[in-house]
Amino acid sequence: MGLQAPRGTRDILPAERVYWQYLETTARQILDRAAYREICTPIFEYTSLFERGIGEATDIVSKEMYTFSDRAQRSLTLRPEGTAGVVRAYIEHGLHSQGGVQRLWYLGPMFRYERPQAGRYRQFHQLGVEVLGSADPRADAEVIAVALEILQALGLKELTLMLNSVGDREDRRAYRQALVDYLTPYTADLDPDSQDRLHRNPLRILDSKDPRTQAIVKEAPRLLDYLSPQSRHHFEQVQSLLQDLGIRYQINPALVRGLDYYTHTAFEFQDLSLGNEGTVCGGGRYDHLVEELGGPATPAIGWAMGLERLILLLRERPLPPRAEPYFYMVTRGEAAERQGLILAQQLRRQGYTVEVDLSGSAFAKQVKRADRVGATVCLVIGESEATERTVQVKWLASGEQVLVPQQELLGENWRSRFFASA
RNA sequence: GCGAGCGUAGCCAAGUGGUUAAGGCAGUGGAUUGUGGUUCCACCAUUCGUGGGUUCGAGUCCCAUCGCUCGCCCCA
């Protein structure tokens with residue numbers, strides 16, 4: 001076993017890829033209907049974009065990035081998430097000047113240097129949306145609704161929406177101080193990670209899993225009590241809109257996103273069947289990021305889904321079966337082989353899927369292979385058919401077989417028959 | 001980054017120091033040179049992730065290394 005894909009990376013083979021295709025077409029359709037448009041940004045960016053955007057104190061930036069220098073000594077980083085790049089493109093191309101709200105979505109690989117685990121890789125894939133240019137709570141409700149539509153369309157059932165508000169920058173600053181003031185006397189009782197965060201990133205202490213820390217945090221001041229009237233109003237609006245949409249949620253005051261840029265609404269969808277790695281979609285509002293990166297003041301909100309985890313869930317269920325005929329071309333003898341190749345091409349132009357057997361082995365083997373690949377109809381051209389320009393049409397499921405002139409197959413009569421039997 | 005377990009063929013595996021490494025699935029060929037899903041037969045690991053060590057002898061013990069899994073951490 002000399003060759004190995006690098007740690008934390010893996011190949012997605014055709015048998016698994018069909019699940020990815022299903023996921024992508026399902027998501028694409030829902031996003032399209034909600035008027036979101038696809039954007040592609042580079043896989044790597046200047047390192048400073050992520051340092052400024054995500055926050056230098058975050059774990060992602062401080063220890064999980066794939067950073068390298070190119071030949072001209074520029075510091076580049078493989079993107080660890082999608083938002084920073086999309087915002088950079090939004091500013092660079094002046095998308096704000098197109099007026100109105102920009103609804104964007106993206107799908108692609110992201111890179112983080114983490115310990116691999118089930119459903120967690122160093123190269124992983126995210127699907128995400130960003131809505132730029134609206135501070136309206138309806139935008140919050142809309143992106144949450146779109147995420148839910150996608151997750152439900154994929155068949156996820158045990159979904160919980162966790163909701164919180166982290167307030168605006170001023171609210172958070174005040175709260176942060178109150179939290180540090182409260183926690184400082186307990187410093188020695190906190191777990192080491194939390195002690196470390198006390199001055200670097202104290203909000204993250206709220207979702208520590210350490211039991212002693214949790215007990216201390218339980219009595220800590222609550223972020224929700226520090227929200228300004230405006231922040232509180234926004235949060236209440238979002239909740240009321242979700243209720244209008246019939247979307248159930250659970251308020252979780254400890255829900256703190258790992259990236260610095262979030263403001264106001266923070267949310268997560270969790271699927272209970274995934275246990276510890278149950279977060280399947282996470283997002284929130286980031287009203288100052290565009291401005292902080294040098295663009296015009298632009299409120300925004302978005303989310304990202306980790307696709308590996310979704311694929312894990314999808315693979316537990318069978319995919320809807322192919323609803324179109326699949327032809328398998330079986331030939332024998334040089335004349336038949338040539339005719340089979342031509343007929344296959346003609347059938348493909350009619351919109352059929354056709355696989356040509358190239359093995360040159362006995363009929364029995366070829367038909368067996370047709371069966372194996374799940375073909376619906378087997379087309380057989382032997383020596384006598386080649387002379388007559390005919391073809392044996394054999395339905396694999398029933399075994400029924402008829403002899404017809406090759407060109408007749410391309411007509412409309414056969415089309416309806418083939419689709420009916422698929 | 002920390003703790004634990006694991007690593008035998010494309011896949012699932014038996015094997016717990018003693019001569020030639022079970023079995024199953026898949027694959028290939030044949031029984032059946034013009035027709036599949038059943039059956040039968042044959043073939044399919046000079047080698048046990050990799051490197052080193054202990055031993056008369058190692059897939060089995062030891063060390064290192066790579067990878068995977070689980071938990072922590074982090075996050076999607």
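Convention: sequence-line order gives letters A, B, ...; per-chain numbering from 1.
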Any base atoms under 4.0 Å from Gln270(A), or only sugar-phosphate, or nothing? Heavy atoms, all strands.
nothing
Now, which nucleotide makes the Watson-Crick or G-U wobble pair with G29(B), with each of the two distances under 3.5 Å?
C41(B)
Donor-acceptor check, side chain of Glu51(A) to backbone of Val61(A), threshold 3.5 angstrom: yes or no?
no
Integer angstrom distance from the P of C25(B) to that of C70(B)
30 Å
Watson-Crick/G-U partner (both atom distances under 3.5 Å) of U54(B)
none
Indicate, with a heavy-atom threshold strictly under 4.0 Å, whether Gly399(A) touches base, sugar-phosphate, or nothing.
base
Report yes if a donor N or O on one partner sits less than 3.5 Å from an acceptor N or O on the other, where the partners are the side chain of Glu64(A) and the base of G1(B); otherwise report no.
no
For the side chain of Arg7(A), counting heavy atoms from C-beta on, which of G30(B), C68(B), U69(B) is nearest?
C68(B)
If you look at every strand shown and take non-hydrogen atoms under 4.0 Å, does Lys394(A) touch a base, only sugar-phosphate, or nothing?
base
Who does A21(B) pair with, Watson-Crick or G-U, both distances under 3.5 Å?
none
Ranking G27(B), A76(B), C72(B) by distance to the side chain of Arg372(A), first place goes to G27(B)
Taking the six-membered ring for Trp and the full ring for Phe, Tyr or His, determine whether the centres of Phe418(A) and Phe327(A) are under 6.0 Å apart.
yes
How about Gln243(A) and Tyr249(A): does a side-chain donor come under 3.5 Å of a side-chain acceptor?
yes
Say you pick atom C1' in U47(B) and the same atom in G7(B); how far apart are they, in whole Å?
15 Å
State which of C70(B), U35(B), G30(B) makes the closest approach to the side chain of Val380(A).
U35(B)
Applying the Watson-Crick and G-U wobble criteria at under 3.5 Å, what pairs with C73(B)? Answer none if nothing qualifies.
none
Could you check which of U28(B), C73(B), G34(B) has an atom nearest any side-chain atom of Arg120(A)?
C73(B)
With heavy atoms under 4.0 Å as the rule, sort Gln366(A) into base, sugar-phosphate or nothing.
nothing
Looking across every strand, which nucleic acid part, if any, lies under 4.0 Å from Gly8(A) by heavy atom: base, sugar-phosphate, or nothing?
sugar-phosphate
Where the side chain of Val367(A) is defined as all heavy atoms beyond and including C-beta, which of G34(B), U69(B), G36(B) is the nearest nucleotide?
G36(B)
Which nucleotide wins on minimum distance to the side chain of Phe363(A), given the candidates U35(B), G1(B), C68(B)?
U35(B)
Donor-acceptor pair under 3.5 Å, Gln401(A) side chain vs U35(B) base:
yes
Check whether any side-chain N or O of Arg309(A) sits under 4.0 Å from OP1 or OP2 of A76(B), and answer yes or no.
no
Work out how far the P atom of A45(B) is from that of A22(B), and round it to whole angstrom.
11 Å
Verify, without hydrogens or angle tests, whether Thr298(A) (side chain) and Gly133(A) (backbone) share a donor-acceptor contact under 3.5 angstrom.
no
In whole angstrom, give me the gap between the C1' atoms of G49(B) and G59(B).
12 Å
Please check: side-chain N/O of Arg79(A) versus main-chain N/O of Thr41(A), any donor-acceptor pairing under 3.5 Å?
yes
Exam field: side chain Asn252(A) to backbone Met162(A), donor-acceptor pair closer than 3.5 Å:
no
Where the side chain of Gln4(A) is defined as all heavy atoms beyond and including C-beta, which of C66(B), G36(B), U28(B) is the nearest nucleotide?
C66(B)
Checking contacts here: which listed nucleotide (G36(B), G34(B), G71(B)) is nearest the side-chain heavy atoms of Leu396(A)?
G36(B)
Can you check the distance between A14(B) and U38(B), where both ends of the measurement are the C1' atom (answer in whole Å)?
29 Å
Please pick, from U28(B), G3(B), G30(B), the nucleotide with the shortest atom-to-atom distance to any side-chain atom of Arg369(A).
U28(B)
Separation between the P atoms of U8(B) and U46(B), rounded to whole Å:
15 Å
Of A76(B), G29(B), G71(B), the nucleotide closest to the side chain of Gln117(A) is G71(B)
Look only at the side chain of Asp168(A) and the backbone of Glu170(A), and say whether a donor-acceptor pair between them is shorter than 3.5 Å.
no
Using the P atoms only, state how far C48(B) lies from U20(B), rounded to an integer number of Å.
14 Å
Just to be sure I understand the rule, does Ala362(A) reach a base, reach only the sugar-phosphate, or reach nothing, if contact means heavy atoms closer than 4.0 Å?
nothing
When the distance from CD of Gln214(A) to C1' of C73(B) is rounded to whole Å, what number comes out?
14 Å
C1' gap between U54(B) and C61(B), integer Å:
8 Å
